[in-house]
Amino acid sequence: MQDSDYFIKGILDSDEKVITKIYTLFFNKVLKFVIQNNGQKEDAEDVFQKALLQISARIKTKRLETIHSTFEAYLFTACKNLWRRELNKNKRSRVTNDGVIELESDESDMASALLEQERWELFREKLEKLSGNCKKVLMLFLKKTPYSKIVEQMSYTSETVARQRVFKCKAKLIETIKADKRFRNLK
């Protein structure tokens, strides 16, 4: 499989061969996610296209040169965020006698999605820089693992110790995120 740089360059150059390869390699995973989360194939196609446009805009405006995970993970995260945003937007729609009125424009929605993606990237980057123990305990916590299971998996003596460790690791993560100069722009 090609590395992220191959896909980034292909998107930047609007290389049809690379974009077709992106669809071939990664679309089915997004399709499965969208269908499992109350969507249709057309929704998955829209989300996938929006994610590619979002990544393209990001590459051109921010000169996205490095992805700290695989391209597939980056693209899938963008698609998941867009689909969740779409589901939430549908909840915030207002129905009138004329039909449905969306409360956000596409431009506003795209800007919000880009901002959300940048926040996610900052979070992932700072999470990766934590100690192995902190990273593992936070990943368990974020997956909503019960404290009793965290105690078992991390060999802690009690749930109180596990709660304290989660608290300290969250505090460290928040501190490192807030210390990054990008944080103020992403609030």
Side-chain angles (χ1 to χ4, degrees), residues 1 3-5 7-8 25-26 28-39 44 47-48 50-51 54-55 58-59 61-92 109-187:
M1 168 117 27
D3 64 2
S4 298
D5 295 338
F7 296 115
I8 290 171
L25 292 173
F26 309 125
N28 283 335
K29 185 175 180 180
V30 172
L31 175 63
K32 183 178 177 186
F33 174 79
V34 169
I35 288 174
Q36 286 176 339
N37 289 281
N38 305 318
V47 163
F48 199 84
K50 281 183 181 179
Q54 176 183 317
I55 291 170
R58 182 82 198 276
I59 291 168
T61 60
K62 298 275 188 169
R63 290 300 301 162
L64 175 68
E65 292 157 3
T66 314
I67 295 176
H68 297 288
S69 60
T70 64
F71 180 81
E72 178 181 12
Y74 185 85
L75 175 64
F76 186 69
T77 299
C79 289
K80 276 181 17 181
N81 289 339
L82 285 167
W83 182 241
R84 286 184 179 132
R85 175 175 284 289
E86 192 66 32
L87 290 173
N88 287 334
K89 187 170 74 172
N90 288 340
K91 288 180 190 174
R92 291 190 310 255
D109 195 40
M110 182 63 89
S112 295
L114 279 168
L115 186 61
E116 190 174 299
Q117 185 67 27
E118 288 181 43
R119 287 177 182 149
W120 173 249
E121 289 168 20
L122 179 62
F123 170 81
R124 288 295 304 179
E125 179 185 316
K126 298 306 178 184
L127 180 65
E128 287 301 316
K129 291 184 179 180
L130 292 177
S131 69
N133 181 281
C134 253
K135 197 179 341 179
K136 187 173 180 184
V137 78
L138 284 179
M139 291 303 288
L140 290 169
F141 175 76
L142 292 171
K143 290 178 182 173
K144 300 193 184 312
T145 305
Y147 280 103
S148 59
K149 297 282 185 203
I150 293 174
V151 168
E152 287 175 29
Q153 290 187 28
M154 300 300 293
S155 301
Y156 292 145
T157 55
S158 69
E159 286 187 26
T160 302
V161 172
R163 288 180 201 282
Q164 289 172 345
R165 188 69 182 144
V166 166
F167 177 80
K168 287 179 182 176
C169 290
K170 281 193 330 189
K172 181 67 176 165
L173 179 60
I174 290 167
E175 177 187 321
T176 59
I177 289 171
K178 286 184 174 180
D180 192 292
K181 62 183 176 189
R182 296 172 289 176
F183 175 73
R184 271 180 251 113
N185 296 332
L186 297 176
K187 279 202 280 187

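Small disclaimer: the values here were computed from a predicted structure and weren't measured.
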Within-4.5 Å side-chain heavy-atom neighbours: [X] and [Y]:
X    : Y    : value
K129 : K135 : no
K136 : S131 : no
L25  : E72  : no
I55  : L75  : yes

Verify, without hydrogens or angle tests, whether W83 (side chain) and V30 (backbone) share a donor-acceptor contact under 3.5 angstrom.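 Here the side-chain-to-backbone pair does not exist.
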Check the pair F33, C79 against side-chain contact (heavy atoms from CB on, under 4.5 Å), reporting the backbone distance first and the verdict last. CA-CA 9 Å; F33 174 79; C79 289; over 6 Å; no
What's the separation between atom [atom1] in [X] and atom [atom2] in [Y], rounded to the nearest 0.5 Å?
X    : Y    : atom1 : atom2 : value
R85  : L87  : CZ    : CG    : 11.5 Å
K50  : L82  : NZ    : CG    : 7.0 Å
N133 : L138 : CG    : CG    : 9.5 Å
I174 : C169 : CD1   : SG    : 11.5 Å
T77  : R124 : OG1   : CZ    : 7.5 Å
I8   : D5   : CD1   : CG    : 5.5 Å

I'd like to know whether CZ of F167 has more than 12 heavy-atom contacts from other residues, nucleotides or ligands below 6.0 angstrom.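 Check fails, neighbour count at 12 or below.
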Do other residues, nucleotides or ligands put more than 12 heavy atoms under 6.0 Å from K172 NZ? no
Tell me whether R163 forms a cation-pi arrangement with Y147, defined as NZ or CZ under 6.0 Å from the six-membered ring centre and within 45 degrees of its axis. yes
Using a 3.5 Å cut-off and no angle test, enumerate the donor-acceptor pairs between side-chain atoms of residues 139-146 and protein atoms at least two apart in sequence or in another chain.
residue	atom	partner	partner atom	Å
T145	OG1	L140	O	2.9

Take L173 and K170 through the test side-chain contact (heavy atoms from CB on, under 4.5 Å) and record every step on the way to the result. CA-CA 5 Å; L173 179 60; K170 281 193 330 189; 5.6 Å; no
Would you please say whether a donor-acceptor pair under 3.5 Å links the side chains of R84 and N37?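 No, no side-chain donor-acceptor contact under 3.5 Å.
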For V137 and Y156: C-alpha separation, side-chain torsions, deciding distance, then whether side-chain contact (heavy atoms from CB on, under 4.5 Å) applies. CA-CA 11 Å; V137 78; Y156 292 145; 4.0 Å; yes
Check the pair F26, Y74 against ring-ring contact (aromatic ring centres under 6.0 Å, His included), reporting the backbone distance first and the verdict last. CA-CA 11 Å; F26 309 125; Y74 185 85; over 10 Å; no
Can you name the residues that form a salt bridge (Lys or Arg N to Asp or Glu O under 4.0 Å) with K178, not counting sequence neighbours? none
Can you name the closest pair of heavy atoms from V151 and A162 and give their distance?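 For V151 versus A162, the nearest heavy atoms are CG2-CB, 3.9 Å.
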